[in-house]
Amino acid sequence: MAKLSRLITAVLRLAVAGAAAAAAIIMVTSHETTSFFGIEMEAKYSYTPSFIFFVVAFAVGFAYSLLVILVRPGSTASRLVLLSDVVVGMLLAGAVAATGAIADVGKNGNEHAGWLPICPQVRAYCVHVEGALIAGFVSLLIHFLSIMYSLHAVAEPLCCSH
Amino acid sequence: MDLEHGSKTKLPAAPAAATPACQCNNKLLQLGDRLVAVQPVVLRAAAALATAVAAAVMALNTQSYTAVVAIIGTKPLMQTFTAKFRYTPAFVYFVIVNAIAGTYNLLVLIIRRLILQRRTGGLVVHMLDMVIMALLATGAATAASMAELGKKGNLHARWNPICDKFGSFCSRGGIAIVSSLIGVALMLALNLLSAAANAHRPNVVGQ
């Protein structure tokens with residue numbers, strides 16, 4: 001039973017790592033240059049601090065998920081893992097939220113601030129960022145699933161063995 | 001040692017031969033027990049206050065100024081520019097999430113005695129704490145990213161910063177975001193306390 005739960009945890013964490021890596025890589029490779037009424041417009045992820053935060057946060061999530069597979073369940077380190085799981089989940093959620101806000105402004109603009117939407121001009125860049133956001137959401141979802149699983153399956157042997 | 005009963009133990013009458021050091025230790029232990037019992041309540045009250053303040057400050061955040069846009073003949077044409085929180089979806093989400101968190105913390109404070117009598121009640125509160133903390137973190141993150149955009153703009157997208165025109169709107173928004181982040185930190189501390197309490201006591205009754 002312990003082996004099965006360890007296997008399921010490892011599979012969940014690998015899925016999180018894969019989705020996080022996909023999100024970071026898709027965001028990093030988003031780049032488009034276009035000409036708009038004679039004005040050169042270049043769109044790149046590094047021009048927006050929120051997108052840079054997105055890339056860094058998901059890189060951290062990727063590395064963390066891979067490292068956590070090596071922790072033995074039932075040791076004191078696994079209790080620390082439960083705590084840091086929640087913290088890393090909050091980090092990923094914050095990254096997705098910040099990127100979502102900027103992406104919404106880019107897609108719909110903000111007429112009260114005089115900000116025009118840029119998606120009609122850089123169509124492929126917009127689609128790229130949307131893809132990165134979707135991968136980020138999937139990674140976040142599986143991460144919270146793995147937290148719930150850890151709390152349910154791993155914490156019980158911890159509590160009852162005392 | 002139970003959290004609920006720790007504060008109720010009375011100091012037994014010290015025998016005449018008791019050393020002052022022994023009395024001091026007992027008093028310190030009693031004080032420690034009382035602090036431990038009251039910690040979750042204080043933390044939760046502070047978190048409720050912080051999130052309620054954040055929601056209120058952002059919801060009442062509005063600023064307008066009138067400027068001359070054109071001059072027709074000799075008559076200047078004035079227009080009022082307004083900045084309100086509900087013009088930005090990110091700030092609307094921020095207000096909603098902080099209101100939810102503040103109401104939740106207040107509710108848990110009020111019906112604390114009822115819920116925490118059973119172990120499942122404590123676990124449900126712990127789960128909801130985590131969910132609401134994650135929601136708060138997303139709200140604060142999205143509002144902060146919009147605030148950064150409003151302050152610095154984005155040259156590449158031709159988005160001009162608005163903070164130079166709406167100074168007090170920006171600073172009030174900043175205060176609201178900082179208050180919400182303090183609420184997140186307090187709820188994280190609450191979470192850690194709940195996790196420690198639930199993990200070490202399998203048969204705990206009350207918290």
Side-chain angles (χ1 to χ4, degrees), chain A residues 36 39-44 46-51 53-54 57 78-79 82-83 85-87 89-106 108-119 121-122 125 140 143-144 147-148 151-152 155-156 158-162, chain B residues 81-91 93-94 97 119 123 126-127 129-131 133-163 165-166 181 184-185 187-188 191-192 195-196 198-204:
Chain A
F36 173 58
I39 307 169
E40 272 271 319
M41 195 182 230
E42 195 190 358
K44 211 174 153 185
S46 54
Y47 292 157
T48 316
S50 294
F51 292 177
F53 175 52
F54 182 89
S78 58
R79 273 194 218 153
L82 277 176
L83 294 175
D85 260 350
V86 174
V87 172
M90 274 173 47
L91 180 73
L92 296 184
V96 166
T99 311
I102 304 291
D104 171 72
V105 174
N108 302 326
N110 193 328
E111 53 182 27
H112 300 278
W115 294 337
L116 296 169
I118 63 163
C119 269
Q121 277 88 50
V122 279
Y125 175 73
L140 194 61
H143 184 81
F144 274 109
I147 291 180
M148 291 296 149
L151 281 174
H152 170 71
E156 227 133 304
L158 274 179
C159 91
C160 300
S161 62
H162 285 92
Chain B
F81 298 98
T82 323
K84 278 193 195 169
F85 83 98
R86 53 187 173 82
Y87 291 163
T88 316
F91 289 163
Y93 176 65
F94 177 82
V97 162
R119 184 167 181 231
L123 279 180
H126 188 204
M127 288 290 138
D129 259 353
M130 271 208 284
V131 167
M133 183 181 69
L135 273 180
L136 260 183
T138 55
T142 183
S145 80
M146 286 309 292
E148 196 267 342
L149 189 63
K151 196 171 178 81
K152 301 225 185 92
N154 195 325
L155 283 176
H156 304 275
R158 312 272 186 298
W159 293 335
N160 296 321
I162 60 159
C163 274
K165 297 198 187 66
F166 295 101
L181 284 172
V184 170
M187 287 199 79
L188 185 64
N191 241 340
L192 295 180
N198 285 340
H200 281 286
R201 295 161 203 186
N203 298 316
V204 67

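Residue numbers begin at 1 in each chain, while the letters A, B, ... track the order of the sequences.
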Which pair of non-hydrogen atoms, one from [X] and one from [Y], has the smallest distance, and what is that distance?
{"X": "Ala97(A)", "Y": "Thr138(B)", "answer": "CB-O, 3.4 Å"}
{"X": "Ile118(A)", "Y": "Trp159(B)", "answer": "CG2-CZ2, 4.1 Å"}
{"X": "Glu42(A)", "Y": "His156(B)", "answer": "O-CB, 4.1 Å"}
{"X": "Met90(A)", "Y": "Ala134(B)", "answer": "CG-CA, 4.3 Å"}
{"X": "Trp115(A)", "Y": "Leu149(B)", "answer": "CZ3-CD2, 3.9 Å"}
{"X": "Ser145(B)", "Y": "Ser50(A)", "answer": "CB-OG, 3.2 Å"}

Open item on the list: Let's test your reading of the structure: which of Pro49(A), Ala43(A), Pro117(A), Gly100(A) forms the most heavy-atom pairs below 4.5 Å with chain B?
Closed with: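 Ranked by contacts with chain B, first place is Pro49(A).
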Task: Test applied, side-chain contact (heavy atoms from CB on, under 4.5 Å); reference residue, Pro89(B); option that passes from Asp104(A), Val105(A), Asn108(A) - done: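 In the set Asp104(A), Val105(A), Asn108(A), the residue that makes a side-chain contact (heavy atoms from CB on, under 4.5 Å) with Pro89(B) is Asp104(A).
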TODO: Between chain A and each of Lys165(B), Glu148(B), Lys84(B), Lys152(B), count heavy-atom pairs under 4.5 Å; write down the option with the most.
DONE: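 So the answer, after comparing Lys165(B), Glu148(B), Lys84(B), Lys152(B), is Glu148(B).
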Task: Pick from Asn160(B), Thr82(B), Asn191(B) with the largest number of heavy-atom pairs that fall under 4.5 Å of chain A - done: Asn160(B)
Task: Leu91(A) versus chain B, the contacting section by heavy-atom distance below 4.5 Å - done: neither
Task: Part of Phe144(A) lying under 4.5 Å from any heavy atom of chain B - done: side chain
Could you grab the distance from atom [atom1] of [X] to atom [atom2] of [Y], nearest 0.5 Å is fine?
{"X": "Met41(A)", "Y": "Arg158(B)", "atom1": "CE", "atom2": "CZ", "answer": "5.5 Å"}
{"X": "Ile147(A)", "Y": "Met127(B)", "atom1": "CD1", "atom2": "CE", "answer": "9.5 Å"}
{"X": "Thr48(A)", "Y": "Asn154(B)", "atom1": "OG1", "atom2": "CG", "answer": "5.0 Å"}

- [ ] Let me know which of Tyr87(B), Phe85(B), Phe81(B), Phe91(B) forms a ring-ring contact (aromatic ring centres under 6.0 Å, His included) with His112(A).
- [x] Tyr87(B)
